[in-house]
Participant: 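Have a look at this one before I ask anything.
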Number of protein chains: 2
Amino acid sequence: MGNITLKELAKMLGLSVSSVSKALNDSHEISVETKRKVQELASAHNYRPNMFGKSLKTGRTNTVAIIIPYLANPFQAQILEGAHQAAYSNNYKLIFMQSREDADKEIELLQSLLSQNIDGILISPSANTSVEFLQEVHQEVPIVLIDRIDFELETHKIGVDNERGAFAATQHLIDMGREHILVLNGKDLGVTQKRTAGHKNALLANQIPFSEDNIIEVDYQLSRQDLVHSLREMLQEKLSKVDKPIGILGNTDILTLSTLAILSEMEICVPEEAAVIGFSNTEAADSLNPALSTVVQPALEMGKLGIEKLVELMNCKNRFQAVTTTTKLDPMLVFRKSTTAQPASS
Amino acid sequence: MGNITLKELAKMLGLSVSSVSKALNDSHEISVETKRKVQELASAHNYRPNMFGKSLKTGRTNTVAIIIPYLANPFQAQILEGAHQAAYSNNYKLIFMQSREDADKEIELLQSLLSQNIDGILISPSANTSVEFLQEVHQEVPIVLIDRIDFELETHKIGVDNERGAFAATQHLIDMGREHILVLNGKDLGVTQKRTAGHKNALLANQIPFSEDNIIEVDYQLSRQDLVHSLREMLQEKLSKVDKPIGILGNTDILTLSTLAILSEMEICVPEEAAVIGFSNTEAADSLNPALSTVVQPALEMGKLGIEKLVELMNCKNRFQAVTTTTKLDPMLVFRKSTTAQPASS
DNA sequence: TTGTAAGCGTTATCAA
DNA sequence: TTGATAACGCTTACAA
């Protein structure tokens, strides 16, 4: 079975292969009448050009790839979604890959992309990716960095202003009358540093002293159950020696959602006794109990913008002389019930 | 720039292209010494075979594709994850695509796959996909159906036993002393029918009369906000005329999570006054308030098994005579706090 | 053990 | 306006 080829069409029409090819590509060299006949027969036989023949000849594939650490992460899935939309409207095919935060796996993926003549790559590198390798790849095919933009690669980068997000969230908690704020961090996560810095700055701007004691750092290597257990213990300890009303800034979904559950167990009312805001892109925020105020990352926009920058680079005659840009998009604050009631009077 | 080719390697080595090709493919026709030289030079120059030349020649790509409706759906993302794992361990590349529940888009995707000489396709078809088209595609390249298996296509199918899942969940609610059970359905969703049937059967098996009045059906076309609003009204109405303790079976995440929030607003205690169990694959179940009992679909296994069946089919000499199987995997019940406390005495 | 040549399905150049 | 031919990078009979 398989697909019908140009050759076969040509034979059926009594034309040459090259004429058929030109007719199907709507070349001006071919008569209107011939074009019509060719195109009719082609669609009657459901002809589809073979990508491999085409790409082998042209050296292009009209395909870009995106590599992210984990597909099953809502934030990253939204990046994908945005990339998908932008690729589609720029007439590129998009292929997805996930590195699982594994630099070796990532190298494998990149190499396989190179042998596929991919036209461009959008990548959110895993934590320990070597810049050198990215550099090498970038010599052959344009790369654009997304989300994880702290790599010394001379190219377009699109990220989120985590510092600003944490600043705004902290300011919001302060505005809601919470001067005592706990921060929930995942140990060694990439975003931790910037978000903590933003938090500190907000305290500073409000003349509130910062204390390491208010940072709760949980080991993200633990199993889910152990992680929750460890979080519970630390929360209980911190809460026992802290004046309410307090505020809590959750820097990851797991930590924030678990904290809501733990507070409920401890019979601490949210938001009256403890206001909670989390960095989160989950749709569930609205349906949580209570509905969770969130710092939302512009994931869709990142994906879109990433592809657009990539297209720009691919269309560049000499991309090594192109002016490269670094864009930091602002997260958006969504206020819901978990922060928006008056504190209980202490 | 670009990549080095066989031809170039051959010239550098003073060998013929075919010898180099054979050497790199570790053919027994080539002397050990030559192989060594060739392979050394190849890796020194970071040679990577060009997929297009290769596939054009061999007609194979070692690539399978998976098409699902929505990437950003945790359940479907887990299917992807499973497929990814199985493809990897079977030495296939996997490319992902999403149809967005749009039959036309899906046709486009399938056609583009056909022109890419993909070796096989795993698909969870959109609701209104035409079987005829799937049939046609299946003539050219093997297809395996996953999750949405109610299509008259003669091939392997892997799905979930939704009826059984709903039966078990209902039985669990009954076991927990809830004889009055509300069911939350999304209107026109594919899973609704089977799950409702399973629910009815469980009632029957326990000599509990079924009443349409206990089915809450929400229009899934509504915006998130309107949907929650409409759900709230219906819940309030039903709950006002129902004896507690009741049980609630949520057939989708949005409905279940929203219900938890609404019940909390209404100051109805879960599980004491209303026990809640939901069909869900979200990791958040553990962190909800209260932790949510769930019927978990074996998404990872589905993805894996789907690829395995596909590989089986691809390796088949004559796949049109192959015996095709339909596998229904059992969902798994996970009991958490939302159903596992004694009902309040009424 | 190595080399030659043909061919996979296209497109592009040049000639008719 | 159409056709013959070469080429893209690779594999594979078959010949040397």
Side-chain angles (χ1 to χ4, degrees), chain A residues 1-39 41-42 45-63 111-119 140, chain B residues 1-39 41-42 45-63 111-119 140:
Chain A
M1 211 59 6
N3 199 1
I4 195 170
T5 67
L6 277 191
K7 202 191 210 172
E8 296 171 283
L9 282 178
K11 199 192 297 175
M12 298 169 91
L13 288 157
L15 284 171
S16 74
V17 175
S18 63
S19 297
V20 176
S21 168
K22 287 172 189 164
L24 289 172
N25 287 315
D26 205 20
S27 159
H28 51 272
E29 301 179 18
I30 301 291
S31 74
V32 182
E33 175 57 11
T34 307
K35 275 188 200 170
R36 196 189 50 71
K37 278 198 297 200
V38 172
Q39 284 163 357
L41 191 73
H45 285 265
N46 198 17
Y47 167 78
R48 289 179 308 270
N50 179 307
M51 286 298 296
F52 294 94
K54 198 165 179 160
S55 297
L56 189 54
K57 186 64 195 168
T58 62
R60 306 194 70 229
T61 51
N62 254 348
T63 303
Q111 286 185 328
S112 104
L113 290 178
L114 289 177
S115 27
Q116 288 178 71
N117 277 15
I118 284 296
D119 295 336
E140 292 192 39
Chain B
M1 217 58 13
N3 200 1
I4 196 171
T5 67
L6 277 191
K7 202 191 208 172
E8 296 171 285
L9 282 178
K11 198 191 300 175
M12 298 168 91
L13 288 156
L15 284 171
S16 74
V17 175
S18 67
S19 297
V20 176
S21 168
K22 287 171 189 165
L24 289 173
N25 287 315
D26 205 19
S27 159
H28 51 272
E29 303 180 17
I30 301 292
S31 75
V32 182
E33 174 58 10
T34 307
K35 275 189 200 169
R36 196 189 50 71
K37 277 199 296 197
V38 172
Q39 285 163 354
L41 191 72
H45 285 265
N46 198 16
Y47 169 78
R48 288 177 308 270
N50 179 309
M51 286 297 296
F52 294 95
K54 197 165 182 160
S55 297
L56 192 53
K57 184 65 194 169
T58 61
R60 308 194 69 227
T61 51
N62 254 348
T63 304
Q111 285 185 329
S112 103
L113 290 178
L114 288 178
S115 30
Q116 288 177 69
N117 278 18
I118 284 295
D119 295 337
E140 292 192 38

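Just so we're clear, the structure is a prediction, and the values are computed from it rather than from any experiment. In what follows, every chain begins at residue 1, and chains take the letters A, B, ... in the order their sequences are listed.
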Participant: State, yes or no, whether a side-chain contact exists between Tyr47(B) and Leu41(B) at a heavy-atom distance under 4.5 Å.
Facilitator: no
Participant: Show each protein N/O and nucleotides 13-16 of chain C N/O combination with a separation under 3.5 Å, one pair to a line.
Facilitator:
from    : atom 1 : to       : atom 2 : distance (Å)
dT13(C) : O4     : Lys22(A) : NZ     : 3.4

Participant: Within a strict 4.5 Å, meaning less than it, do heavy atoms of the Val38(B) and Leu13(B) side chains meet?
Facilitator: yes
Participant: Base, sugar-phosphate, or nothing: which does Thr34(A) touch, judged by heavy atoms less than 4.0 Å apart?
Facilitator: sugar-phosphate
Participant: Side chain to side chain donor-acceptor pair (under 3.5 Å) with Thr5(A): which residues, sequence neighbours excluded?
Facilitator: Glu8(A)
Participant: Between dT11(C) atom P and Ile30(A) atom CD1, what is the distance in whole Å?
Facilitator: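 Rounded to the whole Å, the gap is 13 Å.
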Participant: Applying salt bridge (charged side-chain N to carboxylate O under 4.0 Å, His left out), can you list everything that pairs with Lys35(A), at least two apart in sequence or on another chain?
Facilitator: Asp26(A)
Participant: If the condition is side chain to side chain donor-acceptor pair (under 3.5 Å), which residues does Glu29(B) pass it with, not counting sequence neighbours?
Facilitator: Lys22(B)
Participant: Name the pairs: protein N/O against N/O of nucleotides 8-10 of chain D, kept only if under 3.5 Å.
Facilitator:
from    : atom 1 : to       : atom 2 : distance (Å)
dC8(D)  : OP2    : Lys7(B)  : NZ     : 3.4
dC8(D)  : O2     : Lys57(A) : N      : 3.4
dG9(D)  : N2     : Gly53(B) : O      : 2.9
dC10(D) : OP1    : Tyr47(B) : OH     : 2.5
dC10(D) : OP1    : Asn50(B) : N      : 3.0
dC10(D) : OP2    : Leu6(B)  : N      : 2.6

Participant: Select base, sugar-phosphate, or nothing to describe what Ser19(A) touches, counting heavy atoms under 4.0 Å on all strands.
Facilitator: base
Participant: Just how far, in rounded Å, is C1' of dT12(D) from NE2 of His28(B)?
Facilitator: 12 Å
Participant: Just how far, in rounded Å, is P of dT11(C) from CG of Leu15(A)?
Facilitator: 15 Å
Participant: Which residues pass the side chain to side chain donor-acceptor pair (under 3.5 Å) test with Thr34(A), not counting sequence neighbours?
Facilitator: Ser31(A)
Participant: My understanding is that only residues two or more places apart in sequence, or in another chain, count here; which of them pass side chain to side chain contact (heavy atoms under 4.5 Å, CB included) with Ser19(A)?
Facilitator: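 With neighbours one apart ignored, the set is Ser16(A), Ile30(A).
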Participant: Could you list the residues that satisfy side chain to side chain donor-acceptor pair (under 3.5 Å) with Thr58(A), not counting sequence neighbours?
Facilitator: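 Per chain and number, Thr58(A) pairs via side chain to side chain donor-acceptor pair (under 3.5 Å) with no residue.
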Participant: According to salt bridge (charged side-chain N to carboxylate O under 4.0 Å, His left out), who are the partners of Arg60(A), at least two apart in sequence or on a separate chain?
Facilitator: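 If we apply the salt bridge (charged side-chain N to carboxylate O under 4.0 Å, His left out) test to Arg60(A), skipping adjacent residues, the hits are Asp119(A).
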Participant: So what is the end-to-end bend of the helix from dT1(C)-dA16(D) to dA16(C)-dT1(D), with 5 pairs used at each end and the value given to 10 degrees?
Facilitator: 50°
Participant: Quick check: do Asn50(A) and Ser115(B) have side-chain heavy atoms less than 4.5 Å from each other?
Facilitator: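 Asn50(A) vs Ser115(B): side chains apart.
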